[in-house]
Protein chains: 2
Amino acid sequence: MFLVSLIPIRPEGSSGPPSERSDAARNRERLLQAARELVAERGVDAVTMDMLACRAEVGKGTVFRRFGNRAGLMMTLLSDAEAEFQQRFIFGPPPLGPGAPPVERLMAFGEARIRYIDKYGELARAAEHSPHNRHAAPPALLWHRHLEMLLREAGVDDPWLMASFLLSTLDPERVLYALRSQGVEAARIEAGWREFAGRLLGCPPGAK
Amino acid sequence: MFLVSLIPIRPEGSSGPPSERSDAARNRERLLQAARELVAERGVDAVTMDMLACRAEVGKGTVFRRFGNRAGLMMTLLSDAEAEFQQRFIFGPPPLGPGAPPVERLMAFGEARIRYIDKYGELARAAEHSPHNRHAAPPALLWHRHLEMLLREAGVDDPWLMASFLLSTLDPERVLYALRSQGVEAARIEAGWREFAGRLLGCPPGAK
DNA sequence: AGACTAAACGGACTACGGTCCGGTTTGTAT
DNA sequence: ATACAAACCGGACCGTAGTCCGTTTAGTCT
């Protein structure tokens with residue numbers, strides 16, 4: 001046991017950023033585990049930051065230092081799923097990944113995103129419920145850049161703006177309203193999005 | 001003075017809803033005036049409900065009984081502008097009002113809405129910042145029904161869903177992010193929306 | 001005028017997100 | 001081992017939206 005501690009676990013050389021202190025790491029693990037438990041037990045919307053601090057046996061300040069705010073916490077809980085989603089649309093197989101024509105990639109992107117929202121529901125909504133900089137969060141910027149690129153490839157004017165429009169369409173709050181409050185099935189929303197994207201990029205409306 | 005009170009001011013017959021009590025009316029006026037003053041002085045986002053209650057010399061409970069929540073208050077402040085907007089797209093002259101083809105009415109609707117958001121800014125955003133039932137608020141339902149009708153006229157499949165997509169595009173928070181944080185000019189957003197709507201309804205992209 | 005009731009009032013109270021800062025712990029240099 | 005600085009910790013504290021309930025008041029009926 002003590003031998004292990006003699007071997008540098010993360011030998012990142014001398015220039016690396018000062019690695020995380022052990023107590024900080026321990027608290028982060030505690031917090032993440034407590035957060036997952038609480039979410040599983042009581043649902044995302046019922047979890048408060050005080051509750052989390054208490055369950056993790058940690059001060060409230062520690063929670064906020066770690067995650068910034070409530071949305072940051074939820075984002076962290078989603079980070080694995082989010083990373084996987086990003087991998088898929090950047091490096092994965094077509095039609096979501098590179099190789100397919102822009103229209104199809106666009107359709108696949110919306111479809112994947114709608115499934116993501118359907119799957120992670122409240123969590124996805126809470127992760128984007130940041131008071132100020134929702135749209136400036138790294139994932140949102142990445143999605144935006146991706147759509148912008150696809151639209152530029154497709155020869156659309158003002159791809160930046162069009163990407164914004166399309167992204168607003170995939171806002172978790174809106175999608176969840178349709179799914180949960182209005183009882184619309186996910187398949188219908190996905191089909192609608194495909195038609196939306198198809199029409200936008202000038203595909204014959206009837207074409208599959 | 002006492003003679004006036006003998007004459008029924010609102011002779012709505014016996015079946016009308018019990019009219020508002022005089023103290024309630026007085027407090028409502030006080031609250032609205034105070035709210036307008038505070039918004040003018042300090043900006044929408046800096047106005048708190050306590051502040052408003054204090055300025056209007058009224059209890060906090062009265063504020064919430066009247067408006068339900070913060071969003072309701074802001075909605076009330078916007079009600080004149082909102083009513084006028086509704087009149088325009090329901091009864092007004094084309095292309096916003098009836099008489100023009102659906103595509104053009106759609107373009108005009110988005111354009112008008114973007115101008116509205118640009119004009120009322122923070123207020124429009126705050127009015128839609130209701131914790132739960134944003135999309136079920138009467139104005140949002142009306143906009144949705146209107147777009148749905150236009151899309152149905154235009155022969156779109158699933159007009160309900162398409163109307164939802166289009167409305168999400170006009171979300172005040174998103175539009176204001178582009179306008180204020182990204183420095184996009186209103187004209188560019190309006191032009192983008194026209195192109196968006198045009199492509200969606202199958203108009204030749206280049207057509208004015 | 002006096003009594004009565006339903007509506008309205010007001011402000012103390014709660015819940016929650018987020019901040020602040022004095023005290024503690026960790027890793028390191030000597 | 002000891003000293004030290006930086007990073008970290010915890011929980012008291014704050015501001016705000018929204019609720020609750022005992023008290024007051026406007027309008028009505030006799």
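Within every chain, numbering begins at 1; the chains are lettered A, B, ... in the order of the sequence lines, protein sequences first and strands thereafter.
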Check your understanding: Could you state the CD-P distance from B/Glu20 to D/dA26, rounded to the nearest angstrom?
Key -> 14 Å
Point to revise | N or O in side chain of A/Thr62 less than 4.0 angstrom from D/dG10 OP1/OP2 | key: yes
Revision key, fill the gap. Of the candidates C/dG17, C/dC9, D/dG27, the side chain of B/Ser22 sits closest to D/dG27
Check your understanding: Whole-Å distance between C/dT19 C1' and A/Met49 CE?
Key -> 13 Å
Review point. What nucleotide among C/dG18, C/dA12, C/dA8 has an atom nearest to a side-chain atom of A/Phe64?
Key: C/dG18
Review point. In whole angstroms, how far is the P atom of D/dT16 from the CG atom of B/Asp45?
Key: 12 Å
Check your understanding: Counting heavy atoms not belonging to A/Glu57, are there more than 12 under 6.0 Å from its CD?
Key -> no
Check your understanding: Among D/dC8, C/dA8, C/dG18, which nucleotide sits nearest the side chain of A/Asn69?
Key -> C/dG18
Review point. Where each residue is assigned the nucleotide of DNA chain D containing its nearest heavy atom, which of B/Val47 and B/Asp23 is assigned the position nearer the 5′ end?
Key: B/Val47
**Study point:** Distance-only side-chain donor-acceptor flag, B/Asp171 / B/Ser168, under 3.5 Å
**Key:** no
Review point. Using 4.0 Å as the upper bound for N to carboxylate O, is an ion pair formed by A/Glu128 and A/Arg113?
Key: yes
Practice item. State whether the distance check finds a donor on one side and an acceptor on the other, under 3.5 Å, for side chain B/Lys60 versus base C/dA12. Key: no
Check your understanding: Hey, does the side chain of B/Asn27 come within less than 4.0 Å of C/dA8's phosphate (OP1/OP2), counting only N and O?
Key -> no
Point to revise | A/Leu31 and A/Leu73, any side-chain heavy atoms less than 4.5 Å apart | key: no
Exercise for review: Tell me yes or no: between the side chains of A/Gln33 and A/Glu29, is some donor less than 3.5 Å from an acceptor?
Suggested key: no
Practice item. Would you mind telling me which of C/dT25, D/dG10, C/dG18 lies closest to the side-chain atoms of A/Arg21? Key: C/dT25
Point to revise | Nearest-angstrom distance from the residue atom CZ of B/Phe67 to P of D/dA17 | key: 14 Å
Check your understanding: In whole Å, what is the span from the NE2 atom of A/His132 to the P atom of C/dG17?
Key -> 15 Å
Study note, to complete from the structure: Heavy-atom nearest nucleotide on DNA chain D taken for B/Arg65 and for B/Arg26; more 5' hit belongs to B/Arg65
Practice item. Would you classify A/Arg66 as touching base, sugar-phosphate or nothing, given that sugar-phosphate means primed atoms plus P, OP1 and OP2, and contacts are heavy atoms under 4.0 Å? Key: sugar-phosphate
**Study point:** Rounded interatomic separation in angstrom, taking CZ from A/Arg70 and P from C/dT19
**Key:** 15 Å
Review point. Separation of B/Asp50 atom CG from D/dT19 atom P, in whole Å?
Key: 14 Å
Exercise for review: Take the protein atom CG of B/Leu52 and the nucleotide atom C1' of D/dG18, then report the distance between them rounded to whole Å.
Suggested key: 14 Å
